[in-house]
Amino acid sequence: MTAFSRLRPEFFRRDAVTVARELLGKTIARRFESGEIKRFVIVETEAYLGEEDLACHASKGRTPRTEVMYHAGGKIYVYLIYGMYWMLNFVTGDDGHPQAVLIRGVDKVIGSGRVGRLLQLDRSFYGEDLYASDRLWVEDTPTIVSYSTAPRVGVDYAKEWKEMKWRFIANN
DNA sequence: TGCACGATCTCG
DNA sequence: GAGATCGTGCAT
């Protein structure tokens, strides 16, 4: 069995669109409370790119909620949506440039809300360092190079930004 | 201090 | 097609 290295911060310190595309095929490793480690291959992502992007939470500016997106790439950004689903995002880009990639699907489960449930996320993951965490990190398995793009889901309010094809879906 | 709504999903 | 369920941002 081959051991895969953990993705380094440099991987995430690039623009969100590039990172979202290259994350397809990478593996999320999650160590649960029980100590058991499970791995999930990323198959669907979305990029959220800066204050100008009206679909990005950072378009509201720097707030307690968006704070971590302003950090250098490589941290976890989680938030509660509809009062019940924890969305998993990885912060990308350089310090002071708010960006993130939303994990919409893994090999076993498609749907951002379902992913959060599968990984048993909660607010304590907010700001966690992917390179230091002992409970959630990303391993450098081969990127899936065959994929499709589409507009992001649920952002009809984002004017022209809703048209951007920043959703990446690995092909079967 | 209050209120409307959201990067969603499930059930009927 | 509606309900669950609550933090956040913005109005009051």
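Numbered from 1 within each chain, the chains take letters A, B, ... in sequence-line order. All values below come from the heavy atoms of this structure, side chains included, with hydrogens, waters and symmetry mates left out.
- C:dT5 and B:dG2 have their P atoms separated by 22 Å, with the value rounded to a whole Å.
- Cation-pi contact between A:Arg14 and A:Phe11: present, with separation from the ring centre below 6.0 Å and deviation from the ring axis of at most 45°.
- The stretch residues 110-130 of chain A participates, sequence neighbours left out, in these salt bridge (Lys or Arg N to Asp or Glu O under 4.0 Å) pairs: A:Glu128-A:Arg135.
- Looking at heavy-atom distances under 4.0 Å, A:Met87 makes contact with sugar-phosphate atoms alone, never a base.
- No chain of hydrophobic side-chain contacts below 4.5 Å, direct or via other Ile, Leu, Val, Met, Phe, Trp or Tyr residues, connects A:Ile110 to A:Phe90.
- A straight line from OH of A:Tyr77 to C1' of C:dG7 spans 11 Å, rounded to a whole angstrom.
- Running 5' to 3' along DNA chain B, contacts with non-hydrogen atoms of chain A at under 4.0 Å begin and end at B:dG6 to B:dT10.
- Residues satisfying the side-chain contact (heavy atoms from CB on, under 4.5 Å) test with A:Pro151, not counting sequence neighbours, are A:Lys165.
- Using a 4.5 Å heavy-atom threshold, the side chains of A:Tyr79 and A:Arg65 count as touching.
- Taking the six-membered ring where tryptophan is involved, the planes of A:His57 and A:Tyr77 are perpendicular, since the angle between them exceeds 60° and thus also 30°.
- Taking atom CD of residue A:Glu67 and atom C1' of nucleotide C:dG7, one finds them 17 Å apart after rounding to whole Å.
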Between protein and nucleotides 9-11 of chain C, what N or O pairs are separated by less than 3.5 Å?
| residue | atom | partner | partner atom | Å |
| --- | --- | --- | --- | --- |
| C:dG9 | OP1 | A:Thr63 | OG1 | 2.8 |

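- Side chains of A:Glu139 and A:Trp137: a donor-acceptor N/O pair is present below 3.5 angstrom, by distance only.
- To the nearest 0.5 Å, atoms CD1 (A:Ile42) and CG (A:Leu23) are separated by 4.5 Å.
- For the atom pair A:Ser59 OG and A:Tyr48 OH, the distance stands at 11.0 Å (nearest 0.5 Å).
- Residue A:Gly83 is classed as a base contact, given a heavy-atom separation below 4.0 Å to a base.
- Remark: DNA chain C forms stems of 3 or more consecutive Watson-Crick or G-U wobble pairs, all pair distances under 3.5 Å, at B:1-6 with C:6-11, B:8-11 with C:1-4.
- The nearest heavy atom of DNA chain C to A:Tyr82 and to A:Arg123 marks one nucleotide each, and the one closer to the 5' end goes with A:Tyr82.
- How far CZ of A:Arg39 is from CZ of A:Arg31: 9.0 Å, rounded to the nearest 0.5 Å.
- Judged as a side-chain hydrogen bond (donor to acceptor under 3.5 Å, both in side chains), the pairs with a partner in residues 148-157 of chain A (not counting sequence neighbours) are, in order, A:Asp53-A:Arg152, A:Ser148-A:Asn171.
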